[in-house]
Amino acid sequence: MRSLIINIDRDNDFGMKAGVEGPVIGYADCYNAALRLISTDPEDSDGNGLFGALKHYEDLKRRGEDVEIALITGDDDVGEKSDEIIAAQIDDVLSNDRFDDVILVSDGAEDDYIIPIIASRIKIRYVKHIIVRHNQNIESMYYYIVRAVKDKKIARKFTIPVGLVFLTYGISALIFTLYTIYAFHSYYIDPSAAAIMLVTIVLGSYFIERGLEIRSSIRNILSRMITNARETKISFLFSVISILIVLSGIVYSYTATIKYGPVIDKIFVFIAYFVWWAFAAFLIREIGIYIENIIVNNENVKPWFGILFMLSLTFIIYGMINYMMYAMSFISFSSAVISISLIIIGIVVAVTSSFIHRYYRSDADEA
């Protein structure tokens, strides 16, 4: 009986940190891969997990069993994309040799996602968990908080919800403060309340930025824009037009709010005007990408689903803003009725575009 020992790196730390591309088959190649990752990041548990798999391989070899070992890597976009890559690599390994069963060596964190992928292809003999022990001196709260903030997997699960809680509280407190100033004509702000409000907004913004990697996304966007400009791509021209539309929308919306009195009313009117300019900018950019795909890339990628969804979002935001203005007695009841109608239309358009997109996507997958 021939068994295959598999160690799976679902988030592709081996590829991102050590430049190791999966699948890696054989004791020597897996040992070199583990050594490269440990040399790059000694604290990474994936490297320790692969060394654990190598040790188990040696133990089975000494007992006279016929075994082989392989490292499977996924993708940093953990989810459907990483699991599809894992499935393809497992199929690749199984097609190169005949195995009767598989021994999964893992740290236990991703078993619920990995085991069904393997079990659908070959019998799992058993699962061996590798528990990485830590030095007691470094098991402090500060250490784990710092590691959690730096770890993308934990950051997306922890920092984004926490950031949203902080940011929501801070913005709500700011809106309530502005409303109090308007309603009671009191310009006194409690210093402690103002400090808490400012700290929560700053902390919320920081956590969300860390979780969504906004700075990295901005750098990537600027890099792509520079590349597109050098290659004189059509989409770059439309992107520039979109940016100009956004800037024009900010100026127009600000000018339109000057005639309104209360600060909160000004904010609502500004958003109500600007949301349509933002949709126009999105529409122009999508048209530019569509034209470039047709002329340059010879791809007929339809942008209508994204445009319809963005239009529905615009309807919903515009309707909600106007309804809030009615609730604060800034507009009449008839305008509020129109706002509710726009919200309903937005929801219907969003649901319809989602069903149409899923229908065309399923047809494309079957083709």
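Quick caveat, the model's predicted, so the values are computed rather than measured.
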### Task
Write down the atom of E65, the atom of K61, and the distance for their closest heavy-atom approach.
O-CD, 4.0 Å
### Message
Within the 4.5 Å heavy-atom criterion, are R10 and I72 side-chain neighbours or not?
### Response
no
### Cluster link V251 to F274, ILVMFWY, side chain under 4.5 Å
no
### Task
Check the pair D9 / L50 against side-chain contact (heavy atoms from CB on, under 4.5 Å), numbers first and verdict last.
CA-CA 9 Å; D9 173 22; L50 182 53; over 6 Å; no
### Query
Are L198 and V162 connected in the hydrophobic side-chain network, where two residues link if heavy atoms are under 4.5 Å apart?
no
#### Entry: D97 and R2, any side-chain heavy atoms less than 4.5 Å apart
yes
#### Entry: Heavy-atom closest pair, residues G47 and L37
N-CD2, 3.4 Å
### Query
Does a side-chain heavy-atom distance below 4.5 Å link N32 with V20?
no
### Query
Does K55 pair with D59 as a salt bridge, N-O distance under 4.0 Å?
yes
### Summary
Rounded to the nearest 0.5 angstrom, the CD-CG distance for Q89 and D91 is 10.5 Å
### Query
Should L167 and I196 be regarded as members of a common hydrophobic cluster, given that ILVMFWY residues are connected when their side-chain heavy atoms come within less than 4.5 Å of each other, either directly or indirectly?
no
### Query
Would a distance-only check, ignoring hydrogens and angles, find a side-chain to backbone donor-acceptor pair under 3.5 Å from T257 to Y254?
yes
### Task
Mark yes or no for whether S242, through its side chain, and R285, through its backbone, hold a donor-acceptor pair below 3.5 Å.
yes
### Message
So, taking the atom named CZ in F270 and the one named CD1 in I250, what distance separates them when rounded to the nearest 0.5 Å?
### Response
5.5 Å
### Message
Nearest 0.5 Å, please: how far is CD1 in I25 from CG in D29?
### Response
9.0 Å
### Query
What distance separates Y318 OH from I271 CD1, expressed to the nearest 0.5 Å?
12.5 Å
### Message
Measuring from atom OG of S172 to atom CD1 of I201, what distance do you get when rounded to the nearest 0.5 angstrom?
### Response
9.5 Å
### Message
Measuring only between side-chain heavy atoms, which start at C-beta, is I347 closer than 4.5 Å to F315?
### Response
no
### Query
How are the rings of W277 and Y252 set relative to one another: parallel (under 30°), tilted (30 to 60°) or perpendicular (over 60°)?
tilted
### Task
Identify which one of V102, I69, I114 satisfies the side chain to side chain contact (heavy atoms under 4.5 Å, CB included) criterion when paired with I6.
V102
### Query
Closest approach of N7 and A53, non-hydrogen atoms and distance?
CB-CB, 4.1 Å
### Query
Are C30 and L54 side-chain neighbours, meaning at least one heavy-atom pair lies under 4.5 Å?
yes
### Message
Test of understanding: with salt bridge (charged side-chain N to carboxylate O under 4.0 Å, His left out), list the residues that count as partners of E21, not counting sequence neighbours.
### Response
none
### Query
Under 4.5 Å between side-chain heavy atoms, hopping through other hydrophobics if needed: is there a path connecting I317 to I344?
yes
### Query
What residues, two or more places apart in sequence or in another chain, satisfy salt bridge (charged side-chain N to carboxylate O under 4.0 Å, His left out) together with D100?
R98
### Query
Minimum heavy-atom separation for S3 to D101, with atom names?
OG-OD1, 2.6 Å
### Query
Between I38 and N48, is any pair of side-chain heavy atoms under 4.5 Å apart?
yes
### Query
Less than 4.5 Å apart, any side-chain heavy atom of N12 and any of I85?
no
### Query
If you measure from the Lys or Arg side-chain nitrogens to the Asp or Glu carboxylate oxygens, is any gap between D46 and K17 under 4.0 Å?
no
### Stepwise side-chain contact (heavy atoms from CB on, under 4.5 Å) test for L4 and I122
CA-CA 10 Å; L4 173 66; I122 190 172; 6.0 Å; no
#### Entry: V105 versus G49, closest heavy-atom pair with distance
CG1-O, 4.1 Å
### Message
Quick test of your reading: applying ring-ring contact (aromatic ring centres under 6.0 Å, His included), list the pairs with at least one residue in residues 15-41, sequence neighbours left out, ordered by first then second residue.
### Response
Y27-Y57, Y31-F51
### Message
side-chain contact (heavy atoms from CB on, under 4.5 Å) for I8 and I118? Distances and angles first, verdict last.
### Response
CA-CA 11 Å; I8 296 181; I118 302 173; 3.8 Å; yes
### Message
Show, in sequence, the C-alpha distance, side-chain angles and deciding distance for I307 and F279, and conclude whether the side-chain contact (heavy atoms from CB on, under 4.5 Å) test is met.
### Response
CA-CA 9 Å; I307 292 174; F279 171 72; 4.3 Å; yes
#### Entry: Rounded distance (nearest 0.5 Å) linking atom OG1 of T73 with atom CD1 of I86
8.0 Å
### Task
For residues R121 and I90, determine if any side-chain heavy atom of one lies less than 4.5 Å from a side-chain heavy atom of the other.
yes
### Task
Identify whether L308 and I289 are in the same connected component of the hydrophobic contact network (ILVMFWY, side-chain heavy atoms under 4.5 Å).
no
### Query
Which heavy atom in F238 sits nearest to a heavy atom in I284, and how many Å separate them?
CD2-O, 3.3 Å
